[in-house]
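Okay, so here's the structure we're looking at.
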Amino acid sequence: MNVPDKSPVTLDTVISGDKARIVSVRAKGHLRKRLLEMGIIPGAIIESIRVAPLGDPVEFRIKGYNLSIRKGDAACIEVVMEVA
């Protein structure tokens, strides 16, 4: 059985179809507040759905809805990969 590596990575590196658990949000100020308000909170499961044709934004599914955020914003979110 393949056990995923439990070391944190950033959300922008998660490939389509993979699920991860949010560990921390490293953003500051208004961006941090906005991400937390959108449900990107530590402990939540987030799934990568697709990447836009030019690579930005990236679409994720979290708490039952789809959310598109910029790759730069996703780089501020640390996650650990979940078993499929």
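Each residue takes its place number in the sequence, starting with 1.
Taking every heavy atom of both residues into account, A44 and K63 meet most closely at CB-CE, 4.1 Å. Nearest approach of M81 to K19, heavy atoms of both residues: CE-O, 3.6 Å. What you find for D56 and A52 is that their closest heavy atoms are O-CB, 3.6 Å.
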V25 vs E78, test: side chain to side chain contact (heavy atoms under 4.5 Å, CB included). Steps then yes/no.
CA-CA 6 Å; V25 179; E78 286 187 338; over 6 Å; no
Would you please test I22 and I40 for side chain to side chain contact (heavy atoms under 4.5 Å, CB included) and show each step?
CA-CA 7 Å; I22 298 170; I40 299 176; 3.6 Å; yes
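Transitive grouping of hydrophobic side chains (ILVMFWY, heavy atoms separated by less than 4.5 Å) brings I62 and I41 into a common cluster. Residues V9 and I45 fall into different hydrophobic clusters, defined by Ile, Leu, Val, Met, Phe, Trp and Tyr side chains chained together at heavy-atom separations under 4.5 Å. Placement of L67 and L31 within a single hydrophobic cluster is found when ILVMFWY residues are connected by side-chain heavy-atom separations under 4.5 Å, directly or transitively. The same ILVMFWY cluster, assembled from side-chain heavy atoms under 4.5 Å apart, contains both M38 and V14.
Note: I15 CD1 to S48 OG = 8.0 Å, rounded to the nearest 0.5 Å. Here NE2 of H30 is found 11.0 Å from CD of E37. Values are rounded to the nearest 0.5 Å. Between the CG atom in N66 and the CZ atom in F60 there is a gap of 11.0 Å [rounded to 0.5 Å]. Expressed to the nearest 0.5 Å, how far CZ of R50 lies from CZ of R61 amounts to 8.5 Å. Expressed to the nearest 0.5 Å, how far CD of E82 lies from CZ of R21 amounts to 4.5 Å.
Evaluated for a side-chain contact (heavy atoms from CB on, under 4.5 Å) with I77, the options L35, I46, V23 yield exactly one hit, L35.
Within 6.0 Å of atom CZ in R70, 12 or fewer heavy atoms from other residues, nucleotides or ligands are found, so the atom counts as exposed in its surroundings.
When only modelled atom types and interatomic distance are considered, E59 and S68 share no side-chain donor-acceptor pair under 3.5 Å.
A salt bridge links D73 to R34: one of the charged nitrogens lies within less than 4.0 Å of a carboxylate oxygen.
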